[in-house]
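Presented below is the structure to which this report refers.
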Amino acid sequence: AQKAEQERLRQEQLAIIAKREQEKLEALSKRKQEQLDAIKAHKEEQLAYINGQKEQQLGTTKSKYDELLAYLDKSYGEGNERLTNEKTSNLQGGFVQNEIAKRDMAQMNAAVGNTGGLSESSIIGQNTAYQAARNSSEEHYGNLLKDLLMQTDEAKTNAKTGYTDQANSIEQKISDALMNLNNQASQNISNVENQTFDNMYDVKNSTFDLTYDANNAYSNTLNQIQSEYAKQAAAQQAAQAAAAKRASTPAKVNTSQKQGADTSNAIYGRAKKMIVSGSSKDEVVDYLLTQSGQSDEEIAEILASLGYRG
């Protein structure tokens, strides 16, 4: 009965230990998930911010680039128009001057009487000079327009290079920021995983110690019970051997002595039952004192056989 009760108590204690372990592990798992969710939310928030910065910076850079191209196109158009107008005005002025020169020359030839070959020769010379001046003007303004176009193209090339360099720099900074963000998130996740593992290990290690202590206490209690049973069995065997010895002693044994031995055995059995049922030493002594025919030596012998000393 005592072993069964101890086993029940042990199982009850082990169940409490297991329940507490499960509660602690569940709490750690919940805390881990909360931390991982927080890391994920922070990463997503930072990712959105970084991507927003990327779009804003690239957009600003592109707008400035587009504005610069528009300015260059406008400047080229204005320069082209100005040079074209100058060229047209210069050519028109040359044409008018040539016509006036030819008219004046014809009048002068007529006044001095130059006719025929001389008159025509002077007109041809004037036309030749006019055409040379016109060609020179065409070439001059053509070169100016080429230079303007070349300068504009060069400015556009430089603008595109600058825009590309700035865009690449932004992309690189964003890439570095994203890499740092991912690395930090991975490190934070690793820290949470490792800390949770260590905490769970501590919980399981504590459970192992508590379980070991409970089982060890149970084993010690069983050993004590077994030892008590062994003492009682030895005492009973000693009492039975003493009774058998007295019964076999070739002394004068009358009927009253035989009855006394039987009575002594009955008293011993009753005292043993009291002990097994949980009675204290004092209760057993009180019982023995109430039995007639028991001397102090016999009472001490019975108590000694039952495991009591002193």
Side-chain angles (χ1 to χ4, degrees), residues 44-183:
E44 291 177 350
E45 179 182 348
Q46 291 298 307
L47 182 62
Y49 172 78
I50 292 173
N51 286 330
Q53 288 293 305
K54 173 185 176 181
E55 294 300 324
Q56 179 182 352
Q57 293 177 17
L58 288 177
T60 300
T61 302
K62 182 65 165 57
S63 296
K64 291 181 178 180
Y65 173 63
D66 291 340
E67 290 175 0
L68 180 55
L69 289 183
Y71 170 78
L72 292 174
D73 286 338
K74 180 180 178 182
S75 296
Y76 172 76
E78 292 174 349
N80 185 287
E81 182 179 3
R82 176 178 56 81
L83 291 174
T84 300
N85 290 337
E86 287 181 2
K87 172 187 173 183
T88 300
S89 177
N90 183 274
L91 292 178
Q92 286 178 348
F95 175 79
V96 171
Q97 290 178 359
N98 182 54
E99 291 300 317
I100 292 174
K102 287 193 297 182
R103 183 200 63 188
D104 292 343
M105 189 175 293
Q107 291 177 353
M108 184 180 64
N109 287 329
V112 296
N114 291 331
T115 59
L118 290 175
S119 177
E120 291 179 1
S121 176
S122 62
I123 296 298
I124 292 173
Q126 178 60 36
N127 285 334
T128 300
Y130 162 72
Q131 190 62 47
R134 180 182 180 85
N135 292 340
S136 177
S137 180
E138 289 276 5
E139 182 179 1
H140 172 70
Y141 282 102
N143 290 333
L144 290 178
L145 289 172
K146 287 180 180 179
D147 290 341
L148 177 63
L149 180 60
M150 184 181 298
Q151 292 171 2
T152 301
D153 289 341
E154 183 178 356
K156 286 184 176 182
T157 299
N158 292 336
K160 184 175 182 180
T161 300
Y163 164 70
T164 302
D165 290 343
Q166 291 182 8
N168 289 339
S169 177
I170 292 171
E171 291 283 0
Q172 185 60 50
K173 290 179 180 179
I174 296 300
S175 178
D176 293 342
L178 291 175
M179 183 176 67
N180 291 335
L181 177 63
N182 289 328
N183 290 341

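- We find the OH-NZ distance between Tyr163 and Lys64 to be 13.0 Å, quoted to the nearest 0.5 Å.
- Rounding to the nearest 0.5 Å places CD of Gln151 at 14.5 Å from NZ of Lys146.
- Tyr49 places none of its side-chain heavy atoms less than 4.5 Å from the side chain of Glu45.
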Distance-only donor-acceptor hits, side chain of residues 171-183, under 3.5 Å, sequence neighbours excluded:
| from | atom 1 | to | atom 2 | distance (Å) |
| --- | --- | --- | --- | --- |
| Glu171 | OE1 | Lys54 | NZ | 3.4 |
| Gln172 | NE2 | Asp176 | OD1 | 2.9 |
| Asn180 | ND2 | Asp176 | O | 3.2 |
| Asn182 | OD1 | Lys43 | NZ | 3.1 |
| Asn182 | ND2 | Leu178 | O | 3.2 |
| Asn183 | ND2 | Met179 | O | 3.3 |

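- With hydrogens and angles disregarded, no donor-acceptor distance shorter than 3.5 Å links the side chain of Ser169 to the backbone of Asp165.
- No donor-acceptor distance shorter than 3.5 angstrom exists from the side chain of Asn98 to the backbone of Gly94, with no hydrogens or angles considered.
- With rounding to the nearest 0.5 Å, the separation of OG1 in Thr60 from CD1 in Ile170 is 8.0 Å.
- In this structure, CG on Asp147 lies 11.0 Å from CD on Glu154, to the nearest 0.5 angstrom.
- A salt bridge links Glu86 with Arg82: at least one charged nitrogen is closer than 4.0 Å to a carboxylate oxygen.
- Between the side chains of Gln131 and Asn135, at least one donor N or O sits under 3.5 Å from an acceptor N or O.
- In this structure, CD on Gln46 lies 11.0 Å from CG on Asn51, to the nearest 0.5 angstrom.
- A pairwise comparison of heavy atoms in Leu149 and Tyr76 identifies CA-CE1, 3.5 Å as the closest pair.
- The closest donor-acceptor contact from the side chain of Ser136 to the backbone of Ala132 lies at 3.5 Å or more, if one exists at all.
- Taking CG of Leu148 as the reference point, atom CG of Asn143 lies at 12.5 Å (rounded to 0.5 Å).
- Judged purely by atom type and a 3.5 angstrom limit, Thr157 uses its side chain to pair as donor or acceptor with the backbone of Asp153.
- The shortest side-chain heavy-atom distance between Leu91 and Tyr141 does not fall under the 4.5 Å cut-off.
- Counting only heavy atoms from C-beta outward, the side chains of Lys156 and Asp73 approach each other to under 4.5 Å.
- Taking both residues in full, the closest heavy atoms of Thr84 and Asn80 are given as OG1-O, 2.7 Å, listed atom of the first, atom of the second, then distance.
- Minimum heavy-atom separation, Leu68 to Ala159: CD2-CB, 3.2 Å.
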